[in-house]
Amino acid sequence: MNMTRKKISIIGAGFTGATAAFIAAQKELGDVVLVDMPQSEDPTKGKALDIAESAPVLGFDSKVIGTSNYEDTKDSDVVIITAGIARKPGMSRDDLVQTNQKVMKSVTEQIVKYSPNTIILVLTNPVDAMTYTVYKASGFPKERVIGQSGVLDTARFRTFVAEALGLSVKDVTGFVLGGHGDTMVPLIRYSAAGGVPLEKLLSQDKIKEIVDRTRKGGAEIVNLLGNGSAYYAPSAALIEMTEAILKDQKRVLPSIAYLEGEYGYEDIYLGVPTVLGANGIESIIELDLTDDEKQLLDESVESVKTVRDILQ
Ligand SMILES: NC(=O)c1ccc[n+]([C@@H]2O[C@H](COP(=O)([O-])OP(=O)(O)OC[C@H]3O[C@@H](n4cnc5c(N)ncnc54)[C@H](O)[C@@H]3O)[C@@H](O)[C@H]2O)c1
Ligand SMILES: O=C(O)C[C@H](O)C(=O)O
């Protein structure tokens, strides 16, 4: 691989990992190393080769390889973790905690060994707790361990709002705070279409319906798919965050960040607005919240803490 180019390693070559590899390669963000377990090495190589063979048609120069050997991830600029199990209909994300916690510990050890200076992006669920696990297992500074939920949850919210208004998704903005679960907090006061506050454009009933659908957005896809969870939008979200870091864009995006007093919370990974750049999370933006919004965020924190507190 050409070492002057950026390198993105993706651990877990399932639905989200392979889709993220495809988007990252197409956007020429860097060369991509797709990693899975030794028993899945051939399918992993197959997915990487298939993506590589789309390059002449789509016109990109990124190299893509599949492997189970962590030496191939050496000196990655960004490592994305999607390894582990996904939920099935009837399960909550929190049901995955025992299995995925073990996976986080083992993959983090390998990531740190070969890329001690990298920035880690965690997708695996329950993602607030899994990001906390990776932070503790890596020994990395907090700004270099980041979880993905808010870009996806906000994208869902923006999709539903644009659909309700018959407007372009590009002109709808929003912010979803809190844990990646049914208690997430879409902030209506900070949401707009073409700069016009949402509350002027939609009835309270319609807004409530959109908030409920956003909160249950993951389960809606799980129920439709029947055997697995969402992967196109989650992968797009991961790659938006990866691009912000690799290109030092200073994007204002929601990330799962380690809080040390921000919003009044300590020792917890939670979805908040952040600035993403070359150093990872470069700052956390503290929005003014009303009493009602703060109460909703408190409830979300309680639910994230319940999972965090059973981590070993
Ligand atoms: N945070 C979010 O917004 C979000 C969104 C979508 C999915 N997810 C989560 O991401 C995870 C992956 O989802 P998916 O749809 O890609 O699942 P998937 O089952 O398609 O892929 C997971 C992959 O991880 C691999 N794996 C398991 N243990 C491993 C290990 N120790 N080392 C390397 N690879 C290992 C599996 O072999 C599999 O290929 C799930 O936990 C899911 O809930 C989170
Ligand atoms: O819902 C899931 O289990 C996967 C993911 O967290 C999602 O929101 O799509």
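Atoms considered below: every heavy atom in the structure, side chains included; atoms not considered: hydrogens, waters and symmetry mates. Whatever order the structure lists them in is the order used to number ligands and atoms, beginning at 1. Numbers for residues simply follow the sequence, beginning at 1.
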Residue and atom name of the nearest protein heavy atom (relative to [atom]), distance in Å to one decimal:
atom: atom 9 (O) of ligand 2; result: R156 NH2, 2.7 Å
atom: atom 1 (O) of ligand 2; result: R87 NH2, 2.7 Å
atom: atom 6 (O) of ligand 2; result: H180 NE2, 2.6 Å

Next on the checklist: Suppose I only count heavy atoms of A230 and a 4.0 Å limit; which atoms of ligand 2 are within that range?
Outcome noted: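 So the answer, numbered in order with elements, is 9 (O).
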Item to check | Atom indices of ligand 2, in the order listed, that fall short of 4.0 Å to a heavy atom of G218 | outcome: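 In order of numbering, the contacting atoms are 1 (O), 7 (C), 8 (O), 9 (O).
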Checklist entry - For N125 and ligand 2, does the shortest N/O to N/O distance drop below 3.5 Å? => result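 The answer is yes, given that N125 and ligand 2 share an N or O pair closer than 3.5 Å.
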Next on the checklist: Nearest 0.5 angstrom please: L238 CG to I8 CD1, how far?
Outcome noted: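 Here the rounded value is 11.0 Å.
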Next on the checklist: Are Y269 and Y258 an aromatic pair, judged by ring center distance below 6.0 Å?
Outcome noted: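 Yes, the ring of Y258 comes within the 6.0 Å limit of the ring of Y269, centre to centre.
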Item to check | ligand 2 contact on I221 by region, counting heavy-atom pairs under 4.0 Å | outcome: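 Within the 4.0 Å criterion, I221 makes no contact with ligand 2.
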Checklist entry - Side chain, backbone, both or neither: which part of L152 has a heavy atom under 4.0 Å from ligand 2? => result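 For L152, the contact with ligand 2 is made by the side chain alone.
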Checklist entry - Would you say the side-chain atoms of D72 and T67 include a donor-acceptor pair closer than 3.5 Å? => result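 The answer is yes; a qualifying pair exists.
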Checklist entry - Does the distance from a Lys or Arg side-chain N to an Asp or Glu carboxylate O, for D298 and K294, drop under 4.0 Å? => result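 Yes.
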Checklist entry - Below 4.0 angstrom, N of the basic side chain to O of the carboxylate: do E240 and K27 qualify? => result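 Looking at E240 and K27, the cut-off is not met.
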Checklist entry - Around ligand 1, what residues show up once you keep those with a heavy atom under 4.0 Å from it? => result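 Near ligand 1, by chain and number: G12, A13, G14, F15, T16, D36, M37, T82, A83, G84, I85, A86, L96, N100, V103, V107, L123, T124, N125, V127, Q148, L152, H180, A230, P234.
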Checklist entry - Which residues pass the side chain to side chain donor-acceptor pair (under 3.5 Å) test with S229, sequence neighbours left out? => result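 None.
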Next on the checklist: Counting only heavy atoms from other residues, nucleotides and ligands, does the tally under 6.0 Å from CG of D291 exceed 12?
Outcome noted: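 Open.
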Checklist entry - More than 12 heavy atoms of other residues, nucleotides or ligands under 6.0 Å from CZ of F60: is that the case? => result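 Above 12, so yes.
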Item to check | Test side chain to side chain contact (heavy atoms under 4.5 Å, CB included) applied to S255 and L276, L121, L270, the passing residue | outcome: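 Among the candidates, only L276 passes.
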